[in-house]
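Per chain, numbering begins at 1; letters A, B, ... match sequence-line order.
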Amino acid sequence: MSQYRDTAAGSIGVETVGASVKVAGWVARRRDHGGVAFVDVRDASGLVQVVADPDEIDTVADLRMEFCVSVTGEVRPRPDGTTNPDLPTGMIEIGAQSIEILSPAEALPFMLDDRVEVDERVRLEYRYLDLRRSTMAANLAARSKATAAIRRTLEDLGFLEVETPTLVASTPEGARDMLVPSRLREGHFYALPQSPQLFKQLLMISGVERYFQIARCYRDEDLRSDRQLEFTQLDLEGSFWGQDEVLDAIEQTLVAATEAVRGVRLIEPFPRFTWQEVMDRYGTDKPDIRFGMEVVDLVELFAESDFGVFKGALESGGVIRGINTGRREFPRSRADELTEVAKANGAKGLVWMVVNDDRTLRSPVAKFLNEEEITGIIDRLEGQPGDVLLLVADRWKTAVTVLGTLRAMLGRPDDHDQLAFLWVTDFPMFEEEDDGSITFSHHPFTTPQDVDVMATDPEKALSKAYDAVLNGVELGSGSVRIHDPALQRRVFEILGIDAETAERMFGWFLRALRYGPPPHAGFAFGIDRLVMILQNVESIREVIPFPKTQSGMDPLTGSPTIVEDTQLAELGLTLRPETRTRLEEP
RNA sequence: GGGGGCGUGGUGAAGCCUGGAGUUCACGCCGGCCUGUCAAGCCGGAGGUCGCGGGUUCAAAUCCCGUCGUCCCCGCCA
């Protein structure tokens, strides 16, 4: 009950007929017939039609779209034949007794309905108007429902919500840090956290046992449709836990969030795959399993092949794999395009084949293959007439990755109605860089599955790390952490980080590990990405109220901005001359 | 750092390939008419440095080069 209204616009139904109500909101539409005028008033709850006689209410002629108004009137049934079944409030209307203009609005920079797709830069410049649109309001609501459900679930499971600092020490690993200069310690810098990783591990050592946080994280890397400079994670950690306990807790939060947003109860447990399995079957560590088109091993077929490309690949220890992309048009241009994709992903080439009606193959390489091989390919890939088969002969990693990329390109469904959550476990401990050196595939606090293998054969070593994947999108990752300082030192050693360097970078953390750390494990997933998929939108920016453009700018506030020299001076900073010159150019 | 798409009254599009008067359509805006609409309707009107700079040409929204903005992608994102 307020000075401006006593009833939510969207809540008014036939049971309210006869009552005098006061609603407040925005003019969504005005339909002025001269002798009678209809005004759709929208508030956060919905929309209701107000009917006004211009002779009685002179303000009605002044109303324009998105004026903020307060309306007093009587709820009455709509006359026969004028009800609107498309509207929740379509059976009734408010006969206006008075309309007060709380504030006028200028002519809008764009229409707030969903009929036209407005340039995103303009939407962001007037984001406060953009957010009035029902789709955007629904995205905000979905996000709120998701986080509320997550909080509720974790509270029930006995978790403690703890905040960790956002002004932290910079570490050289991982993504580029967002830096914040310190005034009190000139020449020193904070970093904004890429994740609360080490703090949550400290909380385990602190005896918290079950921690979670809906944490803002920052990574100063290039933006994408699913990446922003700042994003939100559900961060979680448990003591005396292993992988199963983590996956169970995370699964419960995902189930709760999905039910809250979609009203759908997911089937548990989510399917689990090892990293090796998803790489072999789907050619990626974040497979979209809403469709098949799995990668098939064809090595045995070609063990004796005379075809140079296949022979060469096998002799150098490679593999031959293929996918059946199904029946589709396959002009030469398409073949060239896919070959380019294969090459861009490191393959030397791509072998394509179209199954003919007589179970022969139309393919540039068909003449190099004998009948047995052709039949074998069609059988193994379950080829039907018209199916396009794609084969890659290369190093294992290259072959499966290329086919995985093509599979995603050609097979991915374009709607998100179906939700295919899954777990990927048993990630390799290390990845090979282009220069041949190794780097951790998760982070250096991840427990190896076998310490000896890690030491003798690091490229084969598996870790206790796991990912959550939804519809081909990596939602998040976690691991069982190292709680033994000796093991932690050994991992650093293998990575080529000597004791002195480790001490300098993480000494404070290694010291904490000397004071009885409990075994612990945890996880973090991106809430923006989750809500984006649940809401079936193509960009993470649709579920972030005030996002940045691809160049990291906010068209609304103009950030980032230049600052006064006096501000820089307080921080002990000066801009480099060439930077200053560039800023002074028109 | 690289590849690609887009940039035309306030908004969305067409025009660009094949150069010839700022032309067109829809929404919005302003004014008028109108008593049952719900994307109201009808009549009239205003509004544009075709992102910006340079070049080619008798002539550029259109062709070329550069640049800025934006989006998608590669690199990057432990």
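Under the side chain to side chain contact (heavy atoms under 4.5 Å, CB included) criterion, T339(A) pairs with K343(A), L350(A), not counting sequence neighbours.
Side-chain contact of Q213(A) with T164(A): a donor-acceptor pair under 3.5 Å is present, judged by distance alone.
Looking at the side chain of R219(A), the nearest of the listed nucleotides U37(B), C77(B), C76(B) is C77(B). Here the nucleotide nearest the side chain of D222(A), chosen from G75(B), G28(B), U37(B), is G75(B). In this structure, the nucleotide among G69(B), C38(B), C76(B) sitting nearest to the side chain of R227(A) is C76(B). Proximity note for V118(A) (side chain, C-beta onward) versus U35(B), U11(B), C73(B): the nearest is U11(B).
Atom C1' of nucleotide C77(B) and atom CZ of R529(A) are separated by 9 Å, given to the nearest angstrom. Here the C1' atom of nucleotide C34(B) and the CZ atom of R30(A) are 13 Å apart, to the nearest Å.
At a threshold of 4.0 angstrom between heavy atoms, the contacts of S441(A) are confined to the sugar-phosphate backbone, with no base atom among them. As judged by a 4.0 angstrom heavy-atom cut-off over every strand, R541(A) is placed among residues touching the sugar-phosphate backbone only. As judged by a 4.0 angstrom heavy-atom cut-off over every strand, Q197(A) is placed among the base-contacting residues. As judged by a 4.0 angstrom heavy-atom cut-off over every strand, P79(A) is placed among the base-contacting residues. Within 4.0 Å (heavy atoms only), R76(A) reaches at least one base atom of the nucleic acid. Within the 4.0 angstrom heavy-atom criterion, no nucleotide atom of any strand lies near E125(A). S551(A) comes within 4.0 angstrom of the backbone, heavy atoms only, and of no base. The residue R224(A) sits close to a base: some heavy atom pair falls under 4.0 Å. At a threshold of 4.0 angstrom between heavy atoms, the contacts of T83(A) include nucleobase atoms, whether or not backbone atoms are also involved.
Contact annotation: R31(A) side-chain N/O to U37(B) OP1/OP2 distance is not under 4.0 Å. Using a 4.0 Å cut-off, no side-chain N or O of Q49(A) falls inside it from OP1 or OP2 of U37(B). The phosphate of U37(B) has neither OP1 nor OP2 within less than 4.0 Å of any side-chain N or O from T82(A).
Pairing partner, G7(B): C68(B), with both Watson-Crick or wobble hydrogen-bond distances short of 3.5 Å. G19(B) is unpaired under the criterion used here, namely a Watson-Crick or G-U wobble arrangement in which both key atom distances are under 3.5 Å. Nucleotide A59(B) is matched to nothing when pairs are restricted to Watson-Crick or G-U wobble geometry with both distances under 3.5 angstrom. Across the strands present, A46(B) finds no partner; the criterion is a Watson-Crick or G-U wobble pair with both atom distances under 3.5 angstrom. Pairing for G41(B) goes to C33(B), judged as Watson-Crick or G-U wobble with the two contacts each under 3.5 Å.
Ring-centre distance between Y218(A) and F231(A): not below the 6.0 Å cut-off.
Checked by distance alone, E93(A) brings a side-chain donor or acceptor within 3.5 Å of a matching partner on the base of G36(B). Contact of N84(A) with C38(B) (side chain to base): a donor-acceptor pair of N or O atoms is detected under 3.5 Å. At a cut-off of 3.5 angstrom, counting only N and O atoms as typed in the model, there is no donor on one side facing an acceptor on the other between the side-chain of R29(A) and the base of C38(B). Contact annotation: side chain of R78(A) to base of C38(B), donor-acceptor pair present below 3.5 Å. Not a single donor-acceptor contact under 3.5 angstrom links the side-chain atoms of D119(A) to the base of G12(B). For a distance-only test at 3.5 Å, the side chain of R121(A) fails to qualify as a donor-acceptor partner of the base of C6(B).
For G36(B), the base is not stacked against the aromatic ring of H33(A), per a cut-off of 5.5 Å between centres and 30° between planes. A distance cut-off of 5.5 Å between ring centres, combined with a plane angle under 30°, leaves F110(A) outside any stacking arrangement with the base of U11(B).
By the 30° and 60° cut-offs, the orientation of the rings of F523(A) relative to Y466(A) is parallel. Ring planes of F506(A) and F492(A): parallel class, angle under 30° (limits at 30 and 60°).
By the neighbour-count criterion of 12 heavy atoms within 6.0 Å, atom OH of Y190(A) is sparsely surrounded, having that number or fewer from other residues, nucleotides or ligands.
Map F440(A) and M65(A) each onto its nearest nucleotide of RNA chain B; the residue landing nearer the 5' end is M65(A). Where G552(A) and A344(A) meet RNA chain B, the nucleotide closest to each residue was compared, and G552(A) sits on the side nearer the 5' end.
The shortest side-chain heavy-atom distance between L192(A) and D177(A) does not fall under the 4.5 Å cut-off.
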